[in-house]
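Scope of the values below: all heavy atoms of this structure, side chains included, with no hydrogens, waters or symmetry mates. Note that ligands are numbered from 1 as they come in the structure, with each ligand's atoms numbered from 1 the same way.
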Amino acid sequence: ERNENQERLLTLINASPDIICFKDGEGKWLLANDADLELFNLKGVDYLGKDDLELAEFTAPIFKESFKYCKKSDELAWNKGDILRNEEIITTVNNVRKIYDILKAPVYNEDGTRKGLVVLGRDVTENKENEKKLVDAKEEAEKANRLKSEFLANMSHEIRTPMNAIIGFSDILSERIKDKTLKSFVNKIEISGNNLLRLIEDILDISKIEAGHIEIIKQSTDVKKMSVDIQKMFIIKAEKKDLNFKLVYNDNLPEFLFIDAFRIKQILINLIDNALKFTEKGSVEVVFSAENIKKNLLDFSIKIKDTGIGIAIEEKDLIFENFRQSENRMSGEYAGTGLGLAISKHLSELMNGKISVKSELGIGSEFTVVFKDVQIINQDNNLIKPNISNVYGIKKLKILIAEDILINRQLILALLENQEFIITEAVNGKEVLDILEKELPDLILMDIQMPILDGYEATKIIKKDERFKHIPVIALTAHAIKDVVARYHTIFDDYLTKPVSRDDILNSISKFVSDK
Ligand code: ADP
């Protein structure tokens with residue numbers, strides 16, 4: 001009876017593809033299954049009562065290291081006094097490398113002395129290889145994604161430069177052309193140009209978000225001013241559709257908050273743009289308010305309410321996904337990429353914020369963004385003041401334009417026309433420095449990417465030179481990437497992102513001009 005049971009047990013352990021071995025308290029082998037004997041090429045060897053080092057003599061030299069290691073790790077298990085689990089690499093005949101997941105369980109006699117050690121091992125070589133393949137594939141994918149973002153960033157730069165000319169010159173042309181039909185053609189070019197630019201920016205943003213490349217740059221921000229800026233952007237659009245566009249600024253909001261105004265604006269522009277787009281009658285209302293006000297923290301809430309076509313319940317989550325647009329909207333009627341909400345959602349989350357939506361079909365929608373725990377800035381310790389460093393009369397201002405591309409120079413000249421500015425031109429940073437040696441301008445408009453000496457390096461030199469450092473330098477950049485632009489903050493007095501409009505340039509210049 002007993003022998004039969006032993007037979008069964010032996011058959012059982014021999015059937016196991018895992019290695020099984022029982023050693024006594026001194027490390028001598030008492031029982032090993034076929035898998036174990038096969039692995040170490042010990043089939044047919046009388047292993048009984050031999051320890052690892054002795055057994056190493058009976059098999060191929062290649063196993064010597066494994067046996068040595070095995071003995072050491074047995075000791076670790078004994079020292080631990082509990083199950084020890086680790087991975088061992090075993091090099092077998094023909095130099096095949098195998099990885100084993102080994103488990104060693106010490107068994108003690110009642111009096112605490114060593115009774116024996118159970119050793120179990122499973123071949124995990126294939127799992128490990130698959131794991132590694134997965135890690136490699138992930139790294140590969142991340143690398144590809146990084147390259148994609150870089151490619152898009154570069155493309156965006158390359159596209160912005162010609163777009164700058166297209167949009168800028170159509171702006172100028174549409175002012176000059178009197179013929180109605182021609183004027184409408186030029187306007188179409190400008191509108192399409194702007195749409196294309198918006199599309200490029202959206203695609204760039206979403207790919208940057210996905211690659212984790214968006215940086216949140218918080219600054220002390222005049223919230224009321226920010227809301228007025230936004231209002232200005234949409235007034236005309238709302239008027240054109242005869243919509244009542246209202247902006248409500250709740251009194252419980254402090255004047256200054258520590259936020260990334262650029263990114264918050266970006267979210268609001270998307271949401272308000274949608275509200276106006278999907279509303280034909282009635283109103284769009286934007287409400288700024290504070291919730292959960294604490295000593296120096298609050299939740300900053302912005303609501304955008306419209307009386308438009310609304311969103312079906314089943315689509316409320318879908319619309320926040322990339323490229324998703326509601327079924328309800330008739331295709332073609334409203335242009336769009338379906339990226340705006342996805343971008344807004346990601347951006348909000350990066351700023352500890354949340355977007356939610358309430359809506360009823362045919363009645364309207366209400367989007368709410370809440371940024372949690374926003375820091376309140378006391379005006380007394382608000383150090384960021386506008387940088388008006390110089391006193392000039394705006395008339396007869398001497399402006400130096402540095403820009404290597406002729407068409408862009410011509411555009412800036414056209415934009416500055418009728419202003420009585422005295423303009424000098426340079427085609428690279430070195431020319432700028434040469435000109436400064438001869439005559440000082442009141443202000444410099446500096447392109448960044450130029451041959452020989454780029455605008456960034458040239459400005460660094462200017463700002464280090466006692467003779468020149470008072471001259472305001474306004475950067476002109478085709479970088480849509482605001483994170484790059486933020487770096488310019490440290491060195492330039494102001495920066496403009498191409499395509500620049502006449503208003504952009506004049507606004508920026510006027511910052512450095514007194515009203516006297
Ligand atoms: P886009 O506006 O470019 O299509 P968005 O991601 O901004 O992309 O919006 C996705 C979709 O969500 C829209 O196409 C529209 O169907 C729906 N949507 C967004 N805002 C509103 C709104 N205020 N009213 C009705 N539908 C909206």
Does ligand 1 have any atom sitting under 4.0 Å from a heavy atom of Gly310? yes
Checking side-chain contact (heavy atoms from CB on, under 4.5 Å) against Met446, which of Ile474, Val432, Leu476 comes through? Val432
Part of Asn270 within contact of ligand 1 (heavy atoms, under 4.0 Å): neither
Using a heavy-atom cut-off of under 4.0 Å, does the side chain or the backbone of Lys277 touch ligand 1, or both, or neither? side chain
Under-4.0 Å salt bridge between [X] and [Y]:
| X | Y | answer |
| --- | --- | --- |
| Asp442 | Lys398 | no |
| Arg263 | Asp205 | yes |
| Glu126 | Lys133 | no |
| Glu140 | Lys143 | no |

In ligand 1, the atoms that come under 4.0 Å of a heavy atom of Ala275 are 23 (N)
Leu339: numbered ligand 1 atoms lying under 4.0 Å from its heavy atoms: 6 (O), 8 (O)
Looking only at distances, can you tell me whether any N or O atom of Leu341, backbone or side chain, sits closer than 3.5 Å to an N or O atom of ligand 1? yes
Give yes if a backbone or side-chain nitrogen or oxygen of Phe367 is under 3.5 Å from a nitrogen or oxygen of ligand 1, and no if not. no
What verdict does the salt bridge (Lys or Arg N to Asp or Glu O under 4.0 Å) test give for Lys460 and Glu457, after you've listed the backbone C-alpha separation in whole Å, the side-chain angles of each residue and the deciding distance to 0.1 Å? CA-CA 5 Å; Lys460 272 210 265 189; Glu457 293 304 322; 3.6 Å; yes
